[in-house]
Amino acid sequence: MADADTTIYLFGTFHALPPGYAWEDATLKQAFTRADRLIIETIVGDPQAMGALLFRLGTPATPLPPLLDRVPAGKRAEFAEIVKRSGLPVAMLDRLETWAAAFLLVQPMMADLGITGSEGVEEKLKAAFEANSRPIGELETVEEQLGYIDGLAEADQRAFLESFIEQASDMRAEFAAMLAAWARGDERAIADTFDKELKESPGLHQALLVRRNAHWANEIKARLDDTPGTILVAVGAGHLAGPDSVQEMLEQRGLVVTRVQ
């Protein structure tokens, strides 16, 4: 999208990839080279500070039942195996709010797939922009990002946790489908695969997709109005697909978004 003095490229990313995965092509590189600045979802910064924030937000005011008791009885054996494979202390997970425990379980599940955030698109883009001192900004702070999840009703947090159990049963196939949809730029398939667990919980869908996309659309519009030059906005591909996408939110605000590739 563009106005008289600003051009903004929207790029749907994949947060974690297998080592050496080739995803850049000539069109992408051209957009990356033209951009004066990079905007990503959030700048995580110090992992220790991130961990401290998660534990601060994720510690309930009053104790909750053990984590295992927060999943349906028929899925507890499978979930117990997921926790065991993670290597995370059960006592620590039990002391956390449901969303925070689920958040901590993501990393071990990624490791099982042989993928890591350090190989993700954002990390590669950040390194490229830092190499020639181009500025990097964010659409939301880490605390804002975690706040969307922290504000979920307990039922929605448990739905979020339960979705991990369903993913774990066929995790490799799920990941392969998501990666294939992203690699070919298939918006419908991206919406179907990335938003699968959110569709089953209206609360999750509103908090993690609709509210964030609306906020980002306001942030992007403000940059179009106030920041001259060429900007690359790189966010998870699931946010750029489906009826509640960032593009749809921008068009509701009177902006014209044209797909390049």
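The basis for the numbers below is simple: all heavy atoms, side chains too, and nothing from hydrogens, waters or symmetry mates.
Sorted by first and then second residue, the ring pair (Phe, Tyr, Trp, His ring centres under 6.0 Å) pairs involving residues 216-261 (not counting sequence neighbours) are Trp216-His239.
Leu93 and Ile149 fall within the same hydrophobic cluster, defined by Ile, Leu, Val, Met, Phe, Trp and Tyr side-chain heavy atoms under 4.5 Å apart, directly or through other members. The hydrophobic cluster containing Leu204 does not contain Val210, counting ILVMFWY residues as joined when their side-chain heavy atoms lie under 4.5 angstrom apart, directly or transitively. No path of Ile, Leu, Val, Met, Phe, Trp and Tyr side chains, each step under 4.5 Å between heavy atoms, connects Val44 with Val235, placing them in separate hydrophobic clusters. Under a hydrophobic-cluster definition in which Ile, Leu, Val, Met, Phe, Trp and Tyr are linked whenever side-chain heavy atoms come within less than 4.5 Å, directly or via other members, Met110 and Phe160 are assigned to the same cluster. Under the 4.5 Å side-chain contact rule for hydrophobic residues, Met249 and Leu139 do not share a cluster.
With a 6.0 Å radius and a threshold of 12 heavy atoms from other residues, nucleotides or ligands, Arg184 has its CZ atom above the threshold.
Aromatic ring centroids of Phe32 and Tyr9 lie 6.0 Å or more apart.
With hydrogens and angles disregarded, no donor-acceptor distance shorter than 3.5 Å links the side chain of Thr13 to the backbone of Ala234. Using modelled atom types, one side-chain atom of Thr42 and one backbone atom of Val142 make a donor-acceptor pair closer than 3.5 Å. Under a 3.5 Å cut-off, the side chain of Glu138 and the backbone N or O of Ile43 do form a donor-acceptor pair. In this structure, Gln247 contributes its side chain and Leu240 its backbone to a donor-acceptor pair below 3.5 Å. One N or O on the side chain of Asn213 and one on the backbone of Asp244 form a donor-acceptor pair closer than 3.5 Å. At distances below 3.5 Å, not a single donor-acceptor pair connects side-chain atoms of Arg37 with backbone N or O atoms of Thr230. With hydrogens and angles disregarded, a donor-acceptor distance shorter than 3.5 Å links the side chain of Gln157 to the backbone of Leu152. Of the possible donor and acceptor atoms, one in the side chain of Arg134 sits under 3.5 Å from a partner among the backbone N and O of Ala35. Within the 3.5 Å criterion, the main-chain N or O of Pro228 finds no donor-acceptor partner in the side chain of Asp5.
The minimum heavy-atom distance between Glu123 and Ser118, with the atom names listed, is CB-O, 3.7 Å. Between Trp182 and Gly12, the shortest heavy-atom distance links the atoms NE1-O, 2.8 Å.
Taking the six-membered ring where the residue is Trp, Tyr148 and His215 present tilted rings, their angle falling between 30° and 60°.
For Phe129, the ring pair (Phe, Tyr, Trp, His ring centres under 6.0 Å) criterion is met by no residue, not counting sequence neighbours.
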- Message: Go through it in stages, so that I can follow the logic: the residues are Glu97 and Thr59, the test is side chain to side chain donor-acceptor pair (under 3.5 Å), and I'd like the CA-CA distance, side-chain angles, deciding distance and then a yes or no.
- Response: CA-CA 6 Å; Glu97 293 184 35; Thr59 299; over 6 Å; no
